[in-house]
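One structure is given here, and the rest of the page talks about it.
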Amino acid sequence: MSKTKITREEALAFHLEPSPGKLDISASVPMSTQRDLSLAYSPGVAVPCEEIHANPETAYDYTSKGNMVAVISNGTAVLGLGNLGALASKPVMEGKAVLFKRFADVNSVDIELDTENPDEIIKAVQLMGPTFGGINLEDIKAPECFIIEQTLKETMDIPVFHDDQHGTAVICAAGLINALYLSGKKIEDCRIVLNGAGAAGIACLELLKTMGAKHDNCIMCDTKGVIYQGRTEGMNQWKSAHAANTDLRTLEEAMNGADVFLGVSAKGAVTPAMVASMADNPVIFAMANPDPEITPEQAHEVRLDAIVATGRSDYPNQVNNVLGFPYLFRGALDVHARAINDEMKIACARALAELAREDVPDEVAVAYGRKLSFGRDYIIPTPFDPRLIHVVPPAVAKAAMDTGVARRPIVDMEAYEQRLKGRMDPTAPIIEGLYARSRKAQAQMIFAEGDDPRVLRAAVAYQRGGHGKAIVVGREEDVKMKLEAAGLGDAVRELRVMNAANTTHLDAYKSYLYKRLQRKGFDHSDVHRMAARDRHVFSALMLAHGHGDALVTGATRKSAHVLDQIGNVFDVSAKDGAVGVTALLHRGRVVLISDTLVHEWPEAEDLAHIAIKSAKVARGLGLEPRVAFVSFSTFGYPVSERASKMLQAPALLDEIGVDFEYEGEMTADVALNMELMKDYPFSRLTAPANILVVPARHSASISVKLMQQMAGATVIGPILTGVPKPIQICSSSSTVNDILNMAVLAAARLG
C-alpha cells in the first residue's frame with residue numbers, strides 16, 4: 001500500500017466530527033422502563049453486589065470486568081513526540097482503546113494520570129484494580145516504565161502489560177521465527193545485534209533470550225555504542241543485565257558478521273556498509289518510526305539475500321503491535337488470567353508465525369490489493385487477516401492454562417474458537433479492501449461539485465490518500481478561497497480545477513450532447529446551457545470523453561435530480577438496467593438494500609434483475625450473496641396482491657438459473673434471523689440474507705434512513721451499478737468521509 005499523507009486539518013477534523021473524541025459508551029441492557037431501571041440500579045443491583053461480596057470471582061459473571069481493559073499513561077513518551085504530558089496523550093490512549101474494540105472486541109477505557117512520580121502511578125493503578133480485567137500501560141518513559149510495570153505485576157492479580165515493551169517484542173519474535181526458518185538458521189546459533197536500549201529494545205532481547213537466544217551472542221547498543229561489561233557511562237540496571245563480555249565498541253563493529261539486526265532507535269542509524277558486512281541471509285528488522293534505521297531499498301541494494309522488516313505499512317513485513325496486544329488480552333481475559341507471562345507472549349508469537357505460513361484468504365488479498373504468500377516479503381500476518389481473532393487468543397489462553405495463571409480454564413476449545421469467530425467485525429476489512437483496490441486503480445476522479453467545501457476536502461483526501469488524481473469542477477478562485485477557509489490552502493496547487501471556461505473540449509462536448517438529445521426536444525441553446533452551466537452534465541461529458549476515469553457527485557442536489565442530469569449523457573435509467581444498492585454496516589453485519597435509487601415501482605422482472613445486479617455488488621464487497629425478496633408477508637401469509645410480485649421474482653430466478661442463494665417472499669425479520677427462519681424448513685437460505693430486495697424505492701429509502709437515524713448504521717451508497725461508466729451519487733447529507741467513500745467505490749469499479 002502507498003503511504004497516506006495526512007494533514008493537520010484532516011487529523012483535527014477526524015477527532016472533532018461528528019462528536020469530539022473517538023469513543024462513546026452505550027448500555028448493553030434495556031434501559032427503557034421503570035422495571036429496567038430497577039433491575040439495573042436500586043433495588044435489583046443489590047443482588048449481584050451480595051453475590052460478588054460472598055464470592056469475588058463472580059464479578060466476572062455479573063459485571064463488565066471480564067471484558068474491560070484500562071489503557072493508562074502519564075504522557076511522558078507519546079509516540080515519537082516525547083513528553084507531552086497526560087492531557088495531550090489522551091488522543092493516543094483513546095485510539096488504543098478503539099483498536100482493542102476493533103480487533104478483538106475488548107472494551108477499553110483510557111485513563112491519563114497527571115504525574116511523573118512512579119509511586120503515585122503504581123498506587124493509582126492498584127486502587128483501580130477491581131474495575132478492570134487487565135491493565136495496558138502505554139507511552140510511559142524509561143526507566144520509570146520498568147519500575148511501574150514490575151511492581152504492578154508483583155502486586156496485582158490481573159494482567160499488566162506495557163505494550164511499548166512487550167507488544168513490539170512479541171511481533172518482532174513472530175517475524176524472527178519465520179525469518180530464521182526461511183534462512184535455515186536456529187535462534188540459539190545466531191549473533192543478534194540490537195540498537196536502541198529503551199523499553200522496546202530491552203523487552204525484545206529479553207523475550208528472544210527466553211526463546212533460546214544465547215546471552216553471549218546478543219549485543220545491545222545505544223547512542224554511546226556497545227553495552228559491554230565494565231561500561232559505566234549512561235548505564236542503568238536494565239542495560240547492565242544485557243551487558244556483553246566483548247571487545248566490540250561500536251554498532252559498526254557489532255554488525256560485522258551478525259545474523260540478525262534489530263533496530264528500535266533512529267532514522268539512518270544503519271548504513272549500507274554495515275548491512276554488507278553481515279552474515280549470509282541477514283535478517284534486518286529496522287523498526288524505528290516513522291523512518292527506519294535503513295530502508296528495504298537501501299538494504300537490498302547491497303544484500304539481495306536480506307530479509308527486511310520495518311514498522312511501516314507501506315513496506316512488506318510490518319512489525320505492527322496491533323497484531324499482538326488485542327489478541328493477548330482477548331485470550332487472557334477469556335480465562336480470567338492473573339497475568340500475561342512469557343509463555344503467553346511466546347505462544348502469541350508462535351501462533352502469528354504459523355498463521356503467516358498458511359494460505360492467505362482472498363479477503364486479505366483484496367484488502368491489500370495483492371496476493372500474499374509466505375516468503376521473504378511476507379513473514380508476519382497482516383492486521384486485516386480475519387483469522388487472527390480465532391487463532392491467536394486460543395493459543396494465549398492455552399498457555400495461560402498450562403502455566404497456571406488461568407482462573408477459569410476453557411473446557412471446549414473448539415467451541416471457544418467458534419465464539420471468537422462471532423466477535424469478528426467483517427465491515428472494516430470490506431472498507432479497507434475497497435480502499436486498496438482504489439489505490440491500485442489510480443483513477444482520475446471527477447468531483448462534480450467543486451463549490452462545496454465537503455467535496456473539496458474529500459477531493460484532497462482522495463489525492464493525498466494515494467488513490468489517484470482528483471479533478472474538481474468549479475471556478476478556480478472559488479475553489480482556492482474555500483480550500484483556504486478549510487485550512488487546506490496548500491492543496492490548491494495539487495488539485496486540477498476544470499470548468500467550461502478553461503476547457504478546450506466544450507464544442508466536442510456540446511456536439512456529443514446534441515446528438516443524444518436532438519430528438520428529445522432539445523435545441524442548440526438548450527444543449528449549450530446544459531453543457532456550459534450544469535456541473536453534473538459537464539462532469540458527465542468529461543467522463544464520456546475519457547477526460548477522467550470516474551465520477552462522484554450528488555452532495556449538493558437530490559439524487560433523483562442528479563441522476564436525471566447524468567441521464568442526458570449516459571443511459572442510467574431503470575429501462576437501461578441501472579440499479580441502486582445501499583450497504584448498511586451495523587454491529588458487525590453487512591446488509592445490502594436494493595433498489596434505493598433507480599426503480600420507483602419495480603415489477604417482478606425488474607426485481608429479478610435487481611437481485612442479479614445486487615449479487616454482483618455483494619461479491620465485489622467480498623460477500624457471498626444471499627438474497628431475500630422482502631415484504632410484509634412470509635410465503636403467502638397474509639395474502640396480498642401487492643406482495644405477489646415478491647413471490648414471482650424468485651420463480652424468474654429459477655428459470656434464469658443464477659449462482660447465488662435467494663428466497664422469498666418473506667418479512668425482513670425472518671430474512672435476517674435464522675431462529676425465525678427455522679419455522680420455514682423449506683427455505684433455500686442457508687444463513688441470514690445479506691441482500692434485501694424491497695418492493696419499491698420508497699420502502700428502500702425508509703428502511704435505510706430508519707437504520708441510519710435510529711440504529712446508527714453506517715451507510716455506503718446508494719451504489720450505482722449497471723451503468724456504462726464508474727459513476728457514484730452521494731446523498732445531499734453526506735459527510736466528507738461519505739463522499740470519499742463514494743469516490744473510492746467509483747475508483748474500485750464496484751458498480
Backbone N or O of [Y] within a donor-acceptor pair of the [X] side chain at under 3.5 Å?
X	Y	answer
E293	M287	yes
T76	K141	yes
E94	K22	yes
N74	A86	no
Q318	G311	yes
R330	P393	no
K101	N107	no
R408	H336	no
D163	E138	no
D738	T735	yes

Do you know which two heavy atoms are closest between [X] and [Y], and how far apart they sit?
X	Y	answer
K65	P130	NZ-O, 3.3 Å
V78	S89	CG2-CB, 3.8 Å
F329	N136	CE1-OD1, 3.7 Å
A309	V319	CB-CG2, 4.1 Å
A356	Y378	O-CE2, 3.3 Å
A337	R407	O-NH2, 3.4 Å

Atom pair [atom1]/[atom2] of [X] and [Y] - distance to nearest 0.5 Å:
X	Y	atom1	atom2	answer
L333	F132	CG	CZ	12.0 Å
H162	T168	NE2	OG1	9.0 Å
E149	Q165	CD	CD	4.5 Å
D164	F325	CG	CZ	10.5 Å
T151	K123	OG1	NZ	12.5 Å
F384	L323	CZ	CG	10.5 Å

Around atom [atom1] of [X], are there more than 12 heavy atoms from other residues, nucleotides or ligands closer than 6.0 Å?
X	atom1	answer
D114	CG	no
K267	NZ	no
E154	CD	yes
L127	CG	yes
L16	CG	yes

Next item on the list: Would you please test V109 and M68 for side-chain contact (heavy atoms from CB on, under 4.5 Å) and show each step?
Entry: CA-CA 8 Å; V109 175; M68 182 70 73; 3.8 Å; yes
Check: Could you go step by step and tell me if V98 and L23 meet the side-chain contact (heavy atoms from CB on, under 4.5 Å) rule?
Finding: CA-CA 7 Å; V98 169; L23 293 171; 3.7 Å; yes
For residues 345-353, which side-chain N or O atoms pair as donor and acceptor with protein atoms under 3.5 Å away, sequence neighbours left out?
| unit_1 | atom_1 | unit_2 | atom_2 | d |
| --- | --- | --- | --- | --- |
| K345 | NZ | H166 | ND1 | 3.3 |
| K345 | NZ | D342 | OD1 | 3.1 |

Assess whether a salt bridge exists between [X] and [Y], defined as any Lys/Arg side-chain N lying under 4.0 Å from an Asp/Glu carboxylate O.
X	Y	answer
R454	E17	no
K96	D139	no
D110	K90	yes

pair [X]-[Y]: side-chain heavy atoms closer than 4.5 Å:
X	Y	result
F103	L388	no
I389	K421	no
L152	L137	yes
T63	I52	yes
H242	L194	no
I158	I135	yes
N67	V106	yes
D402	E343	no

Next item on the list: Name all residues meeting the salt bridge (Lys or Arg N to Asp or Glu O under 4.0 Å) criterion together with K209; count only those two or more places apart in sequence or in a different chain, and write none if there are none.
Entry: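 By the salt bridge (Lys or Arg N to Asp or Glu O under 4.0 Å) rule, K209 matches no residue at all.
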Side-chain polar contacts of residues 409-417 - donor-acceptor pairs under 3.5 angstrom, sequence neighbours left out - could you list them?
| unit_1 | atom_1 | unit_2 | atom_2 | d |
| --- | --- | --- | --- | --- |
| D412 | OD1 | E414 | N | 3.2 |
| D412 | OD1 | A415 | N | 3.0 |
| Y416 | OH | D334 | OD2 | 2.6 |

Margin query: Checking E116 against N83: is there a side-chain donor and acceptor pair closer than 3.5 Å?
Written below: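 Result is yes, a qualifying pair exists.
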Note to self: Is it the case that the side chains of T33 and D36 hold a donor-acceptor pair, with the cut-off being a distance below 3.5 Å and no angle test?
What the structure shows: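 Side chains of D36 and T33: pair found under 3.5 Å.
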Margin query: Here's a test for you: under side-chain contact (heavy atoms from CB on, under 4.5 Å), which of I111, I148, L113 qualifies with V125?
Written below: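 Of all the options given, the one that passes is L113.
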Checklist line | Criterion side-chain contact (heavy atoms from CB on, under 4.5 Å) on C172 and L262, from CA distance to verdict | finding: CA-CA 8 Å; C172 174; L262 306 177; 3.7 Å; yes
Next item on the list: Determine, stepwise, if the pair V322 / R102 fulfils side-chain contact (heavy atoms from CB on, under 4.5 Å).
Entry: CA-CA 10 Å; V322 81; R102 158 63 183 88; over 6 Å; no
